[in-house]
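Start at 1 and go down the list; that is how both ligands and their atoms are numbered.
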Amino acid sequence: MIAPLRLGVNIDHVATIRNARGGDHPDPVRAAQIVASVGGDGITAHLREDRRHIRDEDLARIQSATDLPLNLEMAATPEMLEIALRHKPHAACIVPEKREERTTEGGLDAAGLHNSLVPIVEQLREADIRVSLFIEATERQLDAALRLGAPVVEFHTGEYAHAFLDGDSKKVASEMKRISDMAALAAKNGIEPHAGHGLTFENVQPIAAIPQIAELNIGHYLIGEAVFIGLEGAIGRMRDLMDAAR
Ligand code: PXP
């Protein structure tokens, strides 16, 4: 029996739908309450520089709506650092951010950005915020996370998800090996590995079966599936698939 796997639900796209009409419905706070009521383990939200989904005022509302830990995804900028220090989420996941991208395409170059990340990671740690780095599963990036003293890394599963969608079984196998090897190496070095991006009912189980991975953060697919089977149903089915894979 391996340790249970936590599910963090990324509620950004509830806010995307809300913002499409400029009003206050659907409210991501209500989504956070549903996540809590169906046994989700955490809320993940990405405050982007352009505020295209979650907005500043959502953060405090989400934090006071449930007792679930908030994992704030943030770019490594002075503005986001100040916001994180003010809100003190349970965790801050540092992600790369490009204004023109549709979603977070690729991991953070923790190795190349080492010097600029040092003060950000330090200040978050001093504020007792659990720092996570959203990186590609490579030895170079993992080594950088280790040097930065990050207690958590989240492996970007986008390449795996794309290969799965393309039916490219060779690439799926090589991505799986890369992620599972790096998860083992992370755990061996005292870093807690998480994973996320592009995970669905179809592709979640091989990732969920990697024993060292402690948490998955899943957003777009769950919110999309909620249109058809409700948010409770979507989270419940994902939870069942994850548990069955352990
Ligand atoms: N984890 C991180 C760090 C992310 O930035 C995102 C969103 O890109 C996710 C997980 C969730 O990805 P998805 O919405 O594809 O499930």
Side-chain angles (χ1 to χ4, degrees), residues 5-17 28 31-32 35 40-54 69-77 80 84 89-110 117 121 124 129-137 141 145 150-165 175 179 182-183 186 191-205 207-208 213-227 231 234-235 237-239 241-242:
L5 180 60
R6 295 193 301 272
L7 172 60
V9 179
N10 181 319
I11 58 173
D12 290 345
H13 295 304
V14 178
T16 306
I17 299 171
V35 175
D41 300 293
I43 304 293
T44 293
H46 184 178
L47 185 69
R48 291 188 83 101
E49 191 189 9
D50 62 8
R51 310 302 199 264
R52 71 173 77 153
H53 34 60
I54 294 296
L70 174 67
N71 173 34
L72 175 67
E73 293 177 3
M74 54 174 271
T77 64
M80 289 302 151
H90 167 76
C93 180
I94 303 180
V95 301
E97 197 175 304
K98 291 191 219 101
R99 199 173 266 264
E100 63 280 9
E101 71 190 353
R102 261 185 288 179
T103 179
T104 312
E105 292 157 5
L108 180 78
D109 182 9
L117 289 171
V121 171
L124 290 169
I129 299 169
R130 200 157 188 244
V131 178
S132 160
L133 303 177
F134 190 40
I135 58 172
E136 294 296 333
Q141 298 300 341
V152 176
V153 292
E154 181 169 329
F155 293 129
H156 195 299
T157 49
E159 288 285 318
Y160 162 79
H162 278 135
F164 204 97
L165 209 59
E175 284 300 307
I179 296 166
M182 288 306 112
I191 295 184
E192 184 175 287
H194 298 176
H197 199 90
L199 296 177
T200 68
F201 293 159
E202 286 73 33
N203 69 19
V204 74
Q205 287 199 302
I207 297 289
I213 290 192
E215 179 175 309
L216 299 182
N217 284 298
I218 308 181
H220 185 267
Y221 185 82
L222 286 176
I223 305 306
E225 199 59 21
V227 172
L231 192 51
I235 294 170
R237 172 134 178 77
M238 190 62 84
R239 178 79 276 160
L241 287 165
M242 286 164 55

Distance to 0.1 Å, residue and atom name: give those for the protein heavy atom nearest to atom 16 (O) of ligand 1.
G219 N, 2.8 Å

Under 4.0 Å from a heavy atom of H220: give me the atoms of ligand 1 that qualify, with their elements.
13 (P), 14 (O), 16 (O)

Could you report the tightest heavy-atom contact between G42 and V35, atom names first, then the distance?
O-CG1, 3.9 Å

Within 4.0 Å of some non-hydrogen atom of I218, the atoms of ligand 1 are 16 (O)

May I ask you to list the atoms of ligand 1 that are less than 4.0 angstrom from any heavy atom of N217?
10 (C), 11 (C)

Ring centroid separation for H156 and F134, is it under 6.0 angstrom?
yes

What is the nearest protein non-hydrogen atom to atom 15 (O) of ligand 1, stated with its residue, atom name and distance?
G198 N, 2.8 Å

Side-chain contact, heavy-atom cut-off 4.5 Å: T44 with V9?
no

Nearest non-hydrogen protein atom to atom 12 (O) of ligand 1, with distance, is H197 CA, 3.4 Å

So, does R51 use its side chain to make a donor-acceptor pair with the main chain of E49 at under 3.5 Å?
yes

I'd like to know if F134 contacts ligand 1, where contact means a heavy-atom distance under 4.0 Å to any ligand atom.
yes

Considering only the protein, which heavy-atom contact is closest to atom 4 (C) of ligand 1, and what is its distance?
E73 OE2, 3.1 Å

Note: ligand 1 atoms sitting under 4.0 Å from heavy atoms of V95 are 3 (C)

Could you check M74, M80, H53 and say which one makes a side-chain contact (heavy atoms from CB on, under 4.5 Å) with L47?
M80

CG of N203 to CD of Q205: how many Å apart, nearest 0.5 Å?
10.0 Å

Can you name the residues that form a salt bridge (charged side-chain N to carboxylate O under 4.0 Å, His left out) with D41, not counting sequence neighbours?
R239

Contact atoms of ligand 1, heavy-atom distance to E154 under 4.0 Å:
1 (N), 2 (C), 3 (C), 10 (C)

side-chain hydrogen bond (donor to acceptor under 3.5 Å, both in side chains), that's the test. Do E73 and N217 meet it? Break it down for me.
CA-CA 11 Å; E73 293 177 3; N217 284 298; 5.8 Å; no

Below 3.5 Å, N or O to N or O, backbone or side chain included: is there any such pair between Y221 and ligand 1?
no

